[in-house]
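A short write-up of the structure that comes next.
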Amino acid sequence: MTADDSYDRLEDDDYPAYTMGRAAAMIGATQGFLRAIGEARLITPLRSEGGHRRYSRYQLRIAARARELVDQGTPIDAACRIVILEDQLEEAQRINAEYRSAAEAAGPPVA
């Protein structure tokens, strides 16, 4: 891997570039909070060769949303479930939009 390859990976939302301490600081949470949402299976950080947790930008967005809900008084388990459902809804809407675009591009059905 060249240095250019490493920089390209940092632009990847799924690349686990952030340590637990950095990830917690970035979302304004504690490391314990990140462990708790990991135990609730909201996110599953990858592990470095040394066994340290590493987080991606996508995972940090998910964690930040959960933190926002918990800060509003939602129990952590419920917050995790809400975030999962929001993520599933967003994905379903994206797929639906792709199908609509494909159908429009194909034109009206032939009778």
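A salt bridge between Arg67 and Asp71 is present, with a side-chain N of the basic residue lying under 4.0 Å from a carboxylate O of the acidic one. At a threshold of 4.0 Å, the pair Glu98-Arg94 counts as salt-bridged, since one of the basic side-chain nitrogens sits closer than that to a carboxylate oxygen. Of the charged side-chain nitrogens involved, none lies within less than 4.0 Å of a carboxylate oxygen, so that Arg57 and Asp14 do not count as a salt-bridged pair.
Heavy atoms only, all atoms of each residue included: Val70 and Ile76 are closest at CG2-CA, 4.0 Å. Taking every heavy atom of both residues into account, Tyr18 and Ser56 meet most closely at CD1-C, 4.4 Å. When all heavy atoms are compared, the tightest approach of Ala66 to Phe33 is C-CZ, 3.9 Å. Here the closest heavy-atom approach between residue Ser48 and residue Arg54 is recorded as CB-NE, 3.8 Å.
Here Met26 contributes atom CE and Thr19 contributes atom OG1; the two are 9.5 Å apart, rounded to the nearest 0.5 Å. Atom-to-atom distance recorded for Ile43:CD1 and Ile84:CD1 is 11.0 Å, nearest 0.5 angstrom. Atoms CD and CG, on Glu90 and Leu85 in that order, are 13.0 Å from each other to the nearest 0.5 Å. Note that OG1 of Thr44 is 11.5 Å distant from CD of Glu39, once rounded to the nearest 0.5 Å. Taken from CD1 in Ile27 to CD1 in Ile62, the straight-line distance is 11.0 Å, to the nearest 0.5 Å. The CZ atom of Arg53 lies 11.5 Å from the CD atom of Gln59; values are rounded to the nearest 0.5 Å.
Proximity of a side-chain donor or acceptor of Thr74 to a complementary backbone N or O of Leu69 within less than 3.5 Å is detected. Between the side chain of Ser101 and the backbone N or O of Ala97, at least one donor-acceptor pair lies under 3.5 Å.
With 3.5 Å as the limit, one finds a donor-acceptor pair spanning the side chains of Asp87 and Tyr58.
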task = Please test Ile95 against Glu91 for side chain to side chain contact (heavy atoms under 4.5 Å, CB included), starting from the C-alpha separation and ending with a verdict.
result = CA-CA 6 Å; Ile95 291 169; Glu91 177 68 8; 3.7 Å; yes
request  = Walk me through it: do Glu86 and Arg65 pass the test side chain to side chain contact (heavy atoms under 4.5 Å, CB included)?
outcome  = CA-CA 10 Å; Glu86 288 174 343; Arg65 176 65 179 132; 2.8 Å; yes
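Residues Leu46 and Met20 do not share a hydrophobic cluster, defined by chaining ILVMFWY side chains whose heavy atoms lie under 4.5 Å apart.
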